[in-house]
Structure formats: structure tokens, C-alpha cells
Amino acid sequence: MVIETLAGLSVAAGGLAWAARGKSSAVFGRSVWRGPRSRKAIALTFDDGPSESTRDLLELLDRHDVRATFFMCGFHCRRLGREAAEVARRGHEIGNHTDTHQALYLHSAEFILDQLARAQTSITEFAGVRPALFRAPYGVRWPGLARAQEKLGLTGVMWSAIARDWTLPADDIVKRMLPAAKPGAILCFHDGRELAIRPDIQATLDALRRLIPLWLEQGYEFLTVSELTGLNAAPAAPPDPGPGPR
């Protein structure tokens with residue numbers, strides 16, 4: 001009996017972990033993590049901005065005529081409103097990354113809605129666009145998020161691969177992310193570092209200076225998340241049923 005109870009708890013914990021962290025999970029809200037594999041295209045995404053270095057990243061993207069999707073924090077938009085507006089002005093897509101980059105897990109539905117709503121207000125005010133996409137800090141979703149997303153008109157976005165560029169040097173980012181580019185991939189980088197002021201994103205910039213030309217040579221097209229996934233044209237795929245007996 002004890003063994004059966006422990007086994008049941010283990011299965012339940014595994015299911016909750018997948019629901020919260022699984023790339024394809026839509027248990028806690030409508031979500032996408034990749035586009036169709038039929039087109040040789042990828043989407044670059046950047047979290048935690050805008051920062052004092054976002055303009056350096058914009059110059060790099062402009063140089064290669066690449067458009068990307070930026071998941072912004074409301075806190076940074078209020079702090080660096082001109083940078084937020086510049087991202088939109090240059091034709092990039094903007095998503096919601098909560099107000100103060102606090103983890104959503106173990107928090108109430110009211111807390112989650114407040115984090116998303118405050119960011120939505122600040123991004124709209126300073127960037128001049130109202131986001132339709134949302135990415136949870138640390139990629140962790142939680143009960144209550146689905147209601148908040150629905151109320152604010154947001155679709156969640158995970159990633160196919162994450163650069164870990166907040167901790168890795170440029171060489172290791174290149175080794176990690178170069179093979180991660182596959183048709184339909186959504187790749188996660190960072191133009192900020194959580195709530196840090198004047199964050200050092202040099203490793204991110206150095207890696208992308210090498211990666212973007214290599215991906216272009218391989219024939220990849222760069223799209224925004226909405227373009228890649230067809231979110232503006234068709235409903236999201238039905239939720240993944242998750243792990244379990246087949």
C-alpha cells in the first residue's frame with residue numbers, strides 16, 4: 001500500500017513537472033514551442049529586455065535584415081521606454097515576459113494576472129504595441145495562467161532550444177545553438193539579465209555575430225514567432241495530452 005501510494009505521488013509529481021515545464025505542454029494555457037517543419041525557417045527570440053544593450057542587438061539584426069521576437073518585462077519598459085519603442089519601430093515583434101520577472105510557480109492566480117496585466121499596460125504604453133504573445137519567466141507555467149492569458153488575449157510561447165547565454169561564453173553558445181537550428185525552431189536568447197541594470201550581454205552578441213551568418217549560409221529564413229507558427233492565420237494545435245500510457 002505504501003509503495004503504491006509513493007508510486008502514485010511520483011507519477012503525479014512527474015505530471016505536474018511536465019505540465020509546468022514541458023515544451024509542448026498546454027495544460028496551464030494555450031502555448032506553442034515550434035513552427036511547422038515544412039519550411040526552412042526559424043524564429044529568434046530575446047527575453048528579459050529591453051536593456052541598455054538592446055540597441056547593439058538591433059544594429060546586429062538590421063545588418064543581416066533579420067526580424068525577431070522580443071519578450072519584454074514591464075519594469076524595463078518603464079525604465080527604458082525609448083529602447084522598447086525602438087524595437088517596435090524597427091519591425092520586430094514584441095511579447096509579454098511579466099512585469100518584474102518573478103517566477104509564477106507557487107503563486108496565486110491573482111498574482112499571475114497582476115504580473116501579466118502590469119507588463120501588458122507598460123509595454124503597450126512605451127513600445128506602442130499590445131502584445132499577443134507571452135513567455136513565462138524560466139519557462140515555468142502554473143495554474144491560473146490560462147485564465148490570465150485568456151483575459152489578456154495572450155498565447156504562450158516556449159522554445160525549441162535555449163542558449164543559456166546568461167552563463168555560457170560565446171564559443172559554447174555557438175556550439176550549443178548552431179545545430180539547434182532546424183526547420184520550425186524557436187530559439188531563445190536574452191537581451192537582458194532578469195532585472196539587472198546595464199547587464200553584460202556581450203557573450204550573446206558575440207555568439208550571434210557568428211551564428212546568424214552561418215544560419216543564412218545554411219539557407220534559413222528568419223521569421224517572427226507569429227509568422228513562423230501561423231498564429232495570425234490559424235488556431236493553435238490542440239493541447240498535447242502529455243506523458244502517460246499510450
Can you see whether [X] engages [Y] through a side-chain donor-acceptor pair at a distance of less than 3.5 angstrom?
X	Y	answer
Ser51	Arg198	no
His76	Asp48	no
Ser122	Arg78	yes
Arg30	Thr155	yes
Thr204	Arg193	yes
Ser226	Glu93	yes

Between [X] and [Y], is there a shared hydrophobic cluster once you connect ILVMFWY residues whose side-chain heavy atoms come closer than 4.5 Å?
X	Y	value
Tyr138	Leu154	yes
Leu57	Leu214	yes
Leu223	Leu58	no
Leu228	Leu216	no
Phe126	Ile123	no

Inset, instruction - Just say parallel, tilted or perpendicular for the rings of Trp215 and Phe222, cut-offs at 30° and 60°. - result: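 Plane angle between 30° and 60°, so tilted.
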
Does atom [atom1] ([X]) have a neighbourhood of more than 12 heavy atoms from anything else shown, all under 6.0 Å?
X	atom1	value
Lys175	NZ	no
Gln218	CD	yes
Arg37	CZ	no
Arg90	CZ	yes

Inset, instruction - Would you give the length of the straight line joining atom CD of Glu221 to atom CD1 of Ile42, rounded to the nearest 0.5 angstrom? - result: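 One gets 10.0 Å once the value is rounded to the nearest 0.5 Å.
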
Legend entry - Atom pair CH2 (Trp33) and CE (Met158), whose distance is rounded to the nearest 0.5 Å: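 Here the interatomic distance stands at 10.0 Å.
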
Legend entry - Test: Arg55 and Asp62 ion pair at under 4.0 Å: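 Salt bridge absent between Arg55 and Asp62.
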
Inset, instruction - In sequence, state the C-alpha distance, the side-chain angles, and the governing distance for Asn96 and Gln120, and then conclude on side-chain hydrogen bond (donor to acceptor under 3.5 Å, both in side chains). - result: CA-CA 6 Å; Asn96 182 322; Gln120 198 79 339; 3.0 Å; yes

Legend entry - Check: His97 ring centroid to Phe134 ring centroid under 6.0 Å: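 Distance test on ring centres: not under 6.0 Å, no.
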
Legend entry - Working for side-chain hydrogen bond (donor to acceptor under 3.5 Å, both in side chains), residues Thr54 and Asp191: CA-CA 6 Å; Thr54 295; Asp191 63 320; 2.8 Å; yes

Inset, instruction - Check each of Asp56, Val87, Val66, Leu208 against Leu61 using the side chain to side chain contact (heavy atoms under 4.5 Å, CB included) test, and report the only one that passes. - result: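 Exactly one pass, corresponding to Val66.
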
Legend entry - Qualifying residues under side-chain hydrogen bond (donor to acceptor under 3.5 Å, both in side chains), relative to Arg89, sequence neighbours excluded: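 Glu86.
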
Inset, instruction - Write down the atom of Asp47, the atom of Cys188, and the distance for their closest heavy-atom approach. - result: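 Where Asp47 meets Cys188 most closely, the heavy atoms are OD2-SG, 3.5 Å.
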
